[in-house]
Amino acid sequence: MTKKTIRLLMPQWQGGNNPNYSFGAELLAWLAPDSDQPLIHVPVQAYDGTPLVNENGTYGRKQLLEQLKAAHHIIDAHKPDRIVMFGGDCLVEQAPFAYLNERYGGELGLIWLDAHSDLVRIVGYDYGHTLPLGNLLGEGDEEFAKHVKIPLKPENVFIAGFDVPTEQDTEIIHRLGIKTAGTKELMNSTESIKEWIKESGIKQLAIHLDLDVLDPRAFRSLLFANPEATYDFSAAGTMQMPQLLNLIKELSAETDVVGLGITEHMPWDAINLKNLLGEIPILNS
């Protein structure tokens, strides 16, 4: 029986308070291979120059919740078996992965390929994209987590490419018993992930790919690779692209991948060129 797959484009920027995430999402969807899978746009309030307001510890909380509900509405209307999500900030992953966990009876496996855990709020950094995994586990932010009908099982989550955990990360990872592996370990072997899939009996798997897991010295279209400003609020990734591709291919051979989310694409050269073109008189007359 053919599985129904949909692609979602959710150019959400409020979770990282950076309008460039919207263009990054649109370019990501354009770069993806052509497919018969429908591409559905999740409505996102475009940046109009108005600064986001910190609402109860999260910038743009109201907009983010409205957009989360819109994503759920679209997914529930289509009732897919598989979902591809092009983002946007990492919070775009909450709706598709929450749905897929419901769809597969609360037994969904989730690989979180990210240089950050996205489990806990970072003190002094009140942005929604720090919490999607926490929300999916029923932790995180209560107002967002309540939109996850069946929280993921901690034992069904594996955080990969996570090299520099904070004390808060370590506490929650140990408390919940979440498996992790850093980039160096995965460079030598992916057996820890394969063993986790077998031991946990994971039949369906979703993959979260935050492009920040990649080394910004090798892949430049990342927040950390801004040519005009150094970003050092949190650790950059160290994974290389061939290593990442090999890992995803091995996972795809190991079990049924029903979800893929790709987020936080920040194509600086294209962004700067787009801005330049926008200022050239003959192109705007």
Output yes when a side-chain donor or acceptor of Arg220 lies under 3.5 Å from a complementary backbone atom of Pro216, and no otherwise. yes
Tell me, yes or no, whether the heavy-atom count around Lys149 atom NZ, taken from other residues, nucleotides or ligands under 6.0 Å, exceeds 12. no
Does a sphere of radius 6.0 Å around CG in Asn188 hold more than 12 heavy atoms from other residues, nucleotides or ligands, not counting ones at 6.0 Å or beyond? yes
Tell me whether Tyr99 contacts the main-chain N or O of Pro80 through its side chain, where contact means a donor paired with an acceptor under 3.5 Å. yes
Glu199 side, atom CD; Lys194 side, atom NZ - distance, nearest 0.5 Å: 14.0 Å
Minimum heavy-atom distance Asp114-Cys90, with the two atoms named: OD2-SG, 4.0 Å
What's the separation between atom CD in Gln94 and atom CG in Leu133, rounded to the nearest 0.5 Å? 10.5 Å
Yes or no on side-chain contact (heavy atoms from CB on, under 4.5 Å) for Asp169 and Val120, after CA distance, side-chain angles and deciding distance? CA-CA 7 Å; Asp169 291 321; Val120 292; 3.6 Å; yes
Consider only side-chain heavy atoms of I, L, V, M, F, W and Y, link residues closer than 4.5 Å, and tell whether Trp13 and Leu8 are in one cluster. yes
If you round to the nearest 0.5 Å, how far is CE of Met187 from CG of Leu247? 11.5 Å
Do Ile75 and Pro96 come within less than 4.5 Å of each other through their side chains, counting heavy atoms only? yes
From the list Gln243, Gln240, Met241, side-chain contact (heavy atoms from CB on, under 4.5 Å) partner of Asp215 resolves to Gln240
So, Gln12 side chain and Gln67 main chain: donor-acceptor pair closer than 3.5 Å or not? no
Ion pair Lys184/Asp163, N-O distance below 4.0 Å: no
Answer yes or no: is there a side-chain heavy-atom contact under 4.5 Å between Ile159 and Ile111? no
Is there side-chain contact between Tyr59 and Val53, with at least one heavy-atom pair below 4.5 Å? no
Which heavy atom of Gly128 sits nearest a heavy atom of Leu64, and at what distance? CA-CD1, 4.4 Å
Under 3.5 Å, side-chain donor or acceptor atoms of residues 20-33 against the rest of the protein: list the pairs with distances, not counting sequence neighbours.
unit_1	atom_1	unit_2	atom_2	d
Asn20	ND2	Asn18	OD1	3.4
Tyr21	OH	Glu264	OE1	3.0
Ser22	OG	Pro11	O	2.6

Exercise: do Asp89 and Gln14 side chains pair donor with acceptor under 3.5 Å: no
Under 3.5 Å: donor-acceptor pair, side chain of Asn101, backbone of Leu108: yes
Between the CE atom in Met239 and the CG atom in Leu245, the distance rounded to the nearest 0.5 Å is 11.5 Å
Donor-acceptor under 3.5 Å (Ser200 side chain, Ile197 main chain): no
Answer yes when Lys146 and Glu142 have at least one side-chain N-carboxylate O distance shorter than 4.0 Å, and no when they do not. no
Sequence neighbours left out, what passes salt bridge (charged side-chain N to carboxylate O under 4.0 Å, His left out) with Glu254? Give chain and number order. Lys198
Between Phe158 and Trp112, is the ring centroid distance below 6.0 Å? no
Working to the nearest 0.5 Å, report the span between NZ of Lys179 and CG of Asn156. 11.0 Å
Under the 3.5 angstrom rule, does the side chain of Lys79 hit a backbone N or O of Asp76 as a donor-acceptor pair? yes
Worked check of side chain to side chain donor-acceptor pair (under 3.5 Å) between Glu250 and Asn246: CA-CA 6 Å; Glu250 287 195 11; Asn246 180 63; 3.2 Å; yes
Salt-bridge test for Lys62 and Glu55: reply yes if a basic N is under 4.0 Å from a carboxylate O, no otherwise. no
Leu223 and Leu52: same hydrophobic cluster, using ILVMFWY side-chain contacts below 4.5 Å? yes
Applying a strict under-4.5 Å side-chain criterion to I, L, V, M, F, W and Y, I'd like to know whether Ile173 and Leu113 cluster together. no
Assess whether side-chain contact (heavy atoms from CB on, under 4.5 Å) is satisfied between Phe86 and Met10, documenting all intermediate values. CA-CA 6 Å; Phe86 300 112; Met10 190 169 180; over 6 Å; no
Check whether any side-chain heavy atom of Arg175 lies under 4.5 Å from a side-chain heavy atom of Glu139, and answer yes or no. yes
Under a 4.5 Å cut-off applied to non-hydrogen side-chain atoms, are Leu131 and Asp118 in contact? no
Is it the case that the side chain of Thr190 and the backbone of Leu186 share a donor-acceptor pair, with hydrogens and angles ignored and the cut-off at 3.5 Å? no
Within 6.0 Å of NZ in Lys3, more than 12 heavy atoms from elsewhere: yes
What I'd like to find out is whether the side chain of Leu137 reaches to under 4.5 Å of the side chain of Pro154, using heavy atoms alone. yes
Check the hydrophobic clustering (I, L, V, M, F, W, Y; side-chain heavy atoms under 4.5 Å; chains of links allowed) and say if Ile271 and Tyr47 are grouped together. yes
Main-chain N/O of Glu155 paired to Trp196 side chain as donor or acceptor, under 3.5 Å: yes
Between Leu214 and Asp212, is any pair of side-chain heavy atoms under 4.5 Å apart? no
Pro132: which of Leu119, Asp210, Leu91 passes side-chain contact (heavy atoms from CB on, under 4.5 Å): Leu91
Side-chain ion pair, Arg121 and Asp141, N-O less than 4.0 Å: yes
Quick one about Asn275 and Glu279 (side-chain donor to acceptor, distance below 3.5 Å, no hydrogens or angles considered), yes or no? no
A side-chain contact here means heavy atoms from C-beta on lying under 4.5 Å apart; do Ile262 and Met85 qualify? no
Go through the structure and list residues passing side chain to side chain contact (heavy atoms under 4.5 Å, CB included) with His73, not counting sequence neighbours. none
Quick one: do His265 and Ser221 satisfy side-chain contact (heavy atoms from CB on, under 4.5 Å)? Show the steps, please. CA-CA 6 Å; His265 182 217; Ser221 297; 3.8 Å; yes
Is the side chain of Arg7 donor-acceptor paired with the backbone N or O of Val84 at a distance under 3.5 Å, no angle test? no
Is it true that Glu107 and Lys203 have a side-chain N and a carboxylate O under 4.0 angstrom from each other? no
Where Phe162 and Ala115 come nearest, the two heavy atoms and their spacing: CD1-O, 3.3 Å
Do the side chains of Phe219 and Leu209 join up, straight or via other hydrophobic residues, at under 4.5 Å, putting them in one cluster? yes
Of all heavy-atom pairs between Leu110 and His208, which one has the smallest distance, and what is that distance? CD1-N, 4.3 Å
Heavy atoms only: give me the nearest Ile178-Val157 pair and the separation to one decimal. CG2-O, 3.6 Å
Taking all non-hydrogen atoms of both residues, which atom of Gln204 and which atom of Thr255 are closest, and how far apart? N-OG1, 4.0 Å
Give a yes or no on this: more than 12 heavy atoms of other residues, nucleotides or ligands lie within 6.0 Å of atom CG of Asp48. yes
Enter the distance from Leu222:CG to Leu211:CG here, rounded to the nearest 0.5 Å. 6.5 Å
Are Phe224 and His116 an aromatic pair by the rule of ring centers under 6.0 Å? yes
